[in-house]
Amino acid sequence: MRVHRNRHDRAFVVVPNAAARHDRLSLAAVGLLVRLLSLPDGTAVTIEKITEQVDEGKTAVAKAFKALEGAGYLRRQRSQDRDTGRWYTQTHVSDIPMAHIPAVGEPEVRSVGHLPKGEKHQVKNLLPKPTPKSDGQRPDAAGTEEEETKSQDEQAQAAPADAETGRAAAVLAKLGDNDRRLALGTADVLRLAPLAAEWLAEGHSQAKLLAVLTARLPEQIDSPAALVAYRLKTHRPAQPAPSMPKPAPAPDTRARCQQCDAPFPAGVIHSLCKTCTVEARRDQAATVGGDAAGLLAAIRQRRESGAFAKGAKSRFIPAAA
């Protein structure tokens with residue numbers, strides 16, 4: 001037999017030889033395993049749906065499911081939704097038996113959960129390194145100004161990054177509230193915050209970061225720091241598309257009241273609105289009433305002084321007998 005293997009850049013699945021040549025699994029079970037591994041994560045899988053897609057009957061498909069479950073390649077977990085209270089079954093499939101899957105992370109030379117040599121003191125020492133002093137000689141003034149300007153520019157550039165690191169550290173510190181198995185120490189939070197800050201710098205929200213780090217956790221977590229570091233490096237979603245700027249509002253061309261500047265409905269043109277018109281009429285009536293009262297007072301005063309007889313309509317018209 002000659003095997004011809006082609007290089008694929010997309011739409012392919014990798015299956016280890018231990019699974020493809022499993023001596024206790026039937027060809028149907030191995031084929032089912034390859035089919036399940038080729039499906040995207042989150043696909044709803046049931047015996048009925050697989051039966052509709054293949055030539056084997058429901059009994060053969062169910063037997064293949066049971067064989068994979070017995071060999072450790074497939075596991076079905078029944079859980080209850082916290083929000084709705086409904087029960088659902090989550091199917092987990094792996095290319096190696098799940099009893100041999102490491103709890104978190106990837107195989108490394110050092111043991112999982114320990115810091116590399118020399119990193120422990122670097123994490124705890126959060127103070128800046130001291131600036132080397134000169135040998136008693138005064139530095140050049142021009143050189144000092146250039147260094148200060150450069151330092152200010154570096155601080156201005158680092159300010160957004162520091163803000164994102166702080167927000168990322170706040171998310172990592174709250175992982176234990178979501179699942180106590182993910183509780184991180186202060187040193188781990190400070191070490192992993194720059195990785196999480198890269199997510200925020202790309203435009204991902206804090207809620208998205210928290211959701212990825214807490215979704216589909218394994219049953220056993222030996223080192224939460226290693227799990228979080230692994231997901232921060234390998235589970236980063238695609239960068240979100242930039243949001244389009246909102247268009248500028250159209251200019252308001254409606255006519256306005258000359259008194260209070262209130263806008264009129266479209267197509268209506270007046271000098272005063274209803275409120276200002278009523279107030280203007282009220283002021284006009286008060287002015288006319290005041291003038292009439294003053295005129296009557298003047299007439300009474302002239303009568304009392306004898307300027308014209310009482311009862312006469314005018315000083316030129318005598319009063320009625």
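Every heavy atom of this structure was used, including side-chain atoms; hydrogens, water molecules and symmetry mates were not.
No donor-acceptor pair under 3.5 Å is formed between the side chain of Arg78 and the backbone N or O of Trp87. Side-chain N or O atoms of Gln80 include one that pairs as donor or acceptor with a backbone N or O of Gly85 at under 3.5 Å. Side chain of Arg181 to backbone of Pro218: a donor-acceptor contact under 3.5 angstrom is found. The main-chain N or O of Ala215 is found under 3.5 Å from a side-chain atom of Arg231 such that the two form a donor-acceptor pair.
Heavy-atom minimum distance, Ile96 versus Pro16: CG2-CG, 4.4 Å. Here the closest non-hydrogen pair linking Leu39 and Thr43 is CB-OG1, 4.2 Å. Smallest separation of non-hydrogen atoms from Tyr73 and Ala19: OH-CA, 3.7 Å. What you find for Ala196 and Ala168 is that their closest heavy atoms are CB-CB, 3.6 Å. Heavy-atom minimum distance, Cys260 versus Cys273: SG-SG, 3.7 Å. Contact record, His22 with Ala71: NE2-CB, 4.5 Å, taken as the closest heavy-atom pair.
Put simply, CH2 on Trp199 and OG on Ser205 are 10.5 Å apart, with the number rounded to the nearest 0.5 Å. In this structure, CD on Gln90 lies 7.5 Å from CZ on Arg216, to the nearest 0.5 angstrom. Considering CG of Leu27 and CG of Leu32, their distance stands at 12.5 Å, rounded to 0.5 Å. Remark: Leu33 CG to Ser94 OG distance equals 8.5 Å, nearest 0.5 Å. With rounding to the nearest 0.5 angstrom, the CG atom of Leu227 is 9.5 Å from the CG atom of Leu175. Distance check, rounded to the nearest 0.5 Å: CG of Leu192 to OG1 of Thr165 gives 12.0 Å.
A heavy-atom distance below 4.5 Å is found between the side chains of Val30 and Leu25. You'll find the side chain of Phe65 reaches within 4.5 Å of the side chain of Val45, heavy atoms only. Two residues are said to be in side-chain contact when any heavy atoms from C-beta on lie closer than 4.5 Å; Leu213 and Leu182 fail this criterion. Residues Ile50 and Leu36 have side chains in contact (heavy-atom distance under 4.5 Å, counting atoms from C-beta outward). In this structure, Val34 and Val13 have side chains that are in contact, with non-hydrogen atoms separated by less than 4.5 Å. Within the 4.5 Å cutoff, the side chain of His204 has no heavy atoms near those of the Leu209 side chain. Residues Arg282 and Val278 meet the side-chain proximity criterion, which asks for heavy atoms closer than 4.5 Å.
At a threshold of 4.0 Å, the pair Arg75-Glu219 counts as salt-bridged, since one of the basic side-chain nitrogens sits closer than that to a carboxylate oxygen.
Following chains of ILVMFWY side-chain contacts shorter than 4.5 Å, one cannot reach Leu37 starting from Met98, and the two form parts of different hydrophobic clusters.
Of the candidates Thr46, Val61, Thr59, Val61 is the only one forming a side chain to side chain contact (heavy atoms under 4.5 Å, CB included) with Thr51.
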